[in-house]
Protein chains: 2
Amino acid sequence: MAARSGQKRQPAALTRREKVESRETAILSAAQKIFAARGYGKTTTAEIAAAADVAEGTLYLYYKNKEALGRAVLADFYRRVTENARRGVEKCPATREKLEFLARHHLKNVIRERRIIELVYILEREMDSYEGGQLYQMNRAYVAVFDNVLREGVARGEIDATMTPWITRDIFYGSLEYAMRSMLIRDRQKSLEQVVSELVDLVMRKTSPTEDNHPSFANRTGDAADRVLDAARRLERLLAAQETKGEYK
Amino acid sequence: MAARSGQKRQPAALTRREKVESRETAILSAAQKIFAARGYGKTTTAEIAAAADVAEGTLYLYYKNKEALGRAVLADFYRRVTENARRGVEKCPATREKLEFLARHHLKNVIRERRIIELVYILEREMDSYEGGQLYQMNRAYVAVFDNVLREGVARGEIDATMTPWITRDIFYGSLEYAMRSMLIRDRQKSLEQVVSELVDLVMRKTSPTEDNHPSFANRTGDAADRVLDAARRLERLLAAQETKGEYK
DNA sequence: AGAATTAATGAGTAGCACTCATTAACGAAA
DNA sequence: TTTCGTTAATGAGTGCTACTCATTAATTCT
């Protein structure tokens, strides 16, 4: 505590710079909390100001307007979630585990902070060349984690590279976000694991025991294996019919 | 033109009922036009009233508030798009063609009327039991077109039924809507066909000639066992569902 | 035609995001 | 410590927007 110039500073007394920074984070986290609870549309700037313990006018010293505040909240969400995704993926040895981790992680986060995610749709796109927009870049950085896993998996031979990478990515994240909506209506926990595993299967092209459409499997004759296979096929048809009947009116 | 009671009606003179109805559709289509052009948030009720050639107060005789108007516009969109999907699917003989039609149709529509689609995210959920909500029902009716194609395809043996139907559906529509965002940034037309065909491949599990990589092909004897096991698992699930029937409503 | 019912109007209201003239807090120089 | 220039904070005020409601107009009924 010696060398830092002649300035005495008690723990409670903050320097000017520190005060400004703490105010900024206070506003941001107040906004994040209220947006997450009430949603962007129903949140008033007055509420945010009160929660951050500043005057309404002060908000506008730190953020240009409510929309900019929303953008900042969303950007912060991307930052957190990207960081966590990176860290989690590092720990997984195999591609399948990485993908499963990413899927689970994404689903959990979009469910927990779905009102923050909605900002993606609510906020107007930044007008100047969308590609250069901040949120576009942050989203890029986030999905890049998946892209890397995919690329690595293909290089290692753990994934078949039949699909265009960006389409694979769209399928991955698109399915998850759409599935979230379904899951919020149905039971949550059980479906989560189901969605994750089926989606990862799909992306990895582990087509599991369904290859009978393939020409090379057309009628093999004779042995016990075949008869079991045939039984399986018939069971599957029956099941499919039953399952679909029950689920959709 | 004879029998209809003693009422004389010139083509220009509308009965009261007709007038009311024409006003209603005038308001609805004005709203639809402006929402589609400017987006919900930037559209004012004054604008809509002017475009529909009524006073501002009149809007509120027909729709409870701006949100209800948004809901009506979205509902109308679902109605049109569901009808078109149904008609288009009818004309296709094979499952693959049906799916391709649906994918193309959906993509084109969400791109063209994306500001209407955004209403799904912007509008607050109707609070009372979301499942019974009007928009939930309309969305159900729309995706049911896909569900039927899927079910039929499975019954015909054109699609393997390894995946849970509702997850397949989420993957289908989720991918398309997410892909839309990517497509709006990249070049549009070329990617459209690419997305459609790769997605349909995926859903149909036509894994193309790359499935030799799959482990289960290394030892073929495992196949049948896998499938029976899988069928057993599904049977268990089905029975469990039957026992707790009514859970899924 | 006159009465009764229903539809349409637009000035008025409340609530919101945002501004700006004023005040307070700070830090460096005297 | 006091002074003073600079930066930060304030909150009453502004304009815009969704929505209301007392009044007026249109339509049907008797």
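This structure is a prediction, so every number in the text was calculated from the model and none was measured. Within every chain, numbering begins at 1; the chains are lettered A, B, ... in the order of the sequence lines, protein sequences first and strands thereafter.
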A.B. asks: Would you mind listing every ring-ring contact (aromatic ring centres under 6.0 Å, His included) that reaches into residues 57-90 of chain B, with sequence neighbours excluded?
C.D. replies: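 Output for this query is empty, none listed.
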A.B. asks: So do B:M180 and B:I117 actually touch side chain to side chain, heavy atoms under 4.5 Å?
C.D. replies: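 B:I117 does not reach B:M180 side chain to side chain.
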A.B. asks: Using five base pairs at each end to define the local axes, how bent is the helix from C:dA1-D:dT30 to C:dA30-D:dT1, to the nearest 10°?
C.D. replies: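 End axes: 10° apart.
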A.B. asks: To the nearest Å, how far apart are A:L59 CG and C:dT19 P?
C.D. replies: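 Going from CG in A:L59 over to P in C:dT19 covers 12 Å.
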A.B. asks: Mind checking what makes side chain to side chain contact (heavy atoms under 4.5 Å, CB included) contact with B:R115, not counting sequence neighbours?
C.D. replies: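 In terms of side chain to side chain contact (heavy atoms under 4.5 Å, CB included), with neighbours along the sequence ignored, B:R115 is linked to A:E124, B:E118.
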A.B. asks: Would you kindly give the CZ-to-C1' distance between A:R38 and C:dC16, to the nearest whole Å?
C.D. replies: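 These atoms are roughly 15 Å apart.
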A.B. asks: With sequence neighbours excluded, give me every salt bridge (Lys or Arg N to Asp or Glu O under 4.0 Å) pair touching residues 47-59 of chain A.
C.D. replies: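 Sorted pair list: A:R38-A:E47.
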A.B. asks: For every nucleotide of nucleotides 16-23 of chain D, 5' to 3': is a protein heavy atom under 4.0 Å from its base (B), only from its sugar-phosphate (S), or from neither (-)?
C.D. replies: -SBBB---
A.B. asks: Using a cut-off of strictly less than 4.0 Å, decide whether B:R23 has a side-chain nitrogen or oxygen near OP1 or OP2 of C:dA8.
C.D. replies: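 Answer is yes, contact under 4.0 Å.
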A.B. asks: Rounded to whole angstroms, how far apart are CD on B:E24 and C1' on C:dA7?
C.D. replies: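 It is 13 Å, rounded to the nearest whole Å.
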A.B. asks: Per the ring-ring contact (aromatic ring centres under 6.0 Å, His included) rule, what does the pair list look like for residues 15-41 of chain B, sequence neighbours excluded?
C.D. replies: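 For residues 15-41 of chain B, and leaving out neighbouring residues, the ring-ring contact (aromatic ring centres under 6.0 Å, His included) pairs sorted by first residue read B:F35-B:Y40.
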A.B. asks: List the residues meeting salt bridge (charged side-chain N to carboxylate O under 4.0 Å, His left out) with A:R71, not counting sequence neighbours, and say none if there are none.
C.D. replies: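 In terms of salt bridge (charged side-chain N to carboxylate O under 4.0 Å, His left out), with neighbours along the sequence ignored, A:R71 is linked to A:E67, A:E126.
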A.B. asks: Quickly work out the A:K19 NZ to D:dA9 C1' distance and round it to whole Å.
C.D. replies: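 Distance, rounded to whole Å: 10 Å.
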A.B. asks: Which pairs count as ring-ring contact (aromatic ring centres under 6.0 Å, His included) when at least one residue sits in residues 99-123 of chain A, sequence neighbours excluded?
C.D. replies: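 For residues 99-123 of chain A, and leaving out neighbouring residues, the ring-ring contact (aromatic ring centres under 6.0 Å, His included) pairs sorted by first residue read A:F101-A:H105, A:H106-A:Y142, A:H106-A:Y173, A:Y121-B:Y121.
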A.B. asks: To the nearest Å, how far apart are B:D53 CG and C:dA8 P?
C.D. replies: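 So the two atoms are 12 Å apart, to the nearest Å.
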A.B. asks: Pull out every protein N or O sitting under 3.5 Å from an N or O of nucleotides 2-7 of chain D, one pair per line with the distance.
C.D. replies:
residue : atom : partner : partner atom : Å
D:dT7   : O2   : A:R16   : NH2          : 2.8

A.B. asks: Measure from CD on B:E18 to P on D:dA26 and round the result to the nearest Å.
C.D. replies: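 Going from CD in B:E18 over to P in D:dA26 covers 19 Å.
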A.B. asks: Expressed as a whole number of angstroms, how long is the span from A:R17:CZ to C:dA25:C1'?
C.D. replies: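 Distance, rounded to whole Å: 17 Å.
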A.B. asks: C:dA17 C1' sits how many Å from B:K42 NZ, rounded?
C.D. replies: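 The answer, rounded to whole Å, is 13 Å.
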A.B. asks: For A:Y62, report the nucleic acid contact type (base, sugar-phosphate, nothing); a contact means any heavy atom under 4.0 Å.
C.D. replies: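 The answer is sugar-phosphate, as A:Y62 gets under 4.0 Å only of primed atoms, P, OP1 or OP2.
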A.B. asks: When you measure from the centre of the six-membered ring of B:F172, is the NZ or CZ of B:R169 closer than 6.0 Å and no more than 45° off the axis?
C.D. replies: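 Pair B:R169/B:F172 does not count as cation-pi.
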A.B. asks: With sequence neighbours excluded, tell me which residues meet salt bridge (charged side-chain N to carboxylate O under 4.0 Å, His left out) with A:R79.
C.D. replies: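 Only A:D76 meet the salt bridge (charged side-chain N to carboxylate O under 4.0 Å, His left out) criterion with A:R79.
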A.B. asks: Could I get the full list of salt bridge (charged side-chain N to carboxylate O under 4.0 Å, His left out) partners for B:E113, not counting sequence neighbours?
C.D. replies: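 Salt bridge (charged side-chain N to carboxylate O under 4.0 Å, His left out) check on B:E113 returns B:R80.
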A.B. asks: Mind checking what makes side chain to side chain contact (heavy atoms under 4.5 Å, CB included) contact with A:A51, not counting sequence neighbours?
C.D. replies: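 Once residues adjacent in sequence are excluded, the partners of A:A51 under the side chain to side chain contact (heavy atoms under 4.5 Å, CB included) criterion are A:A30, A:I34.
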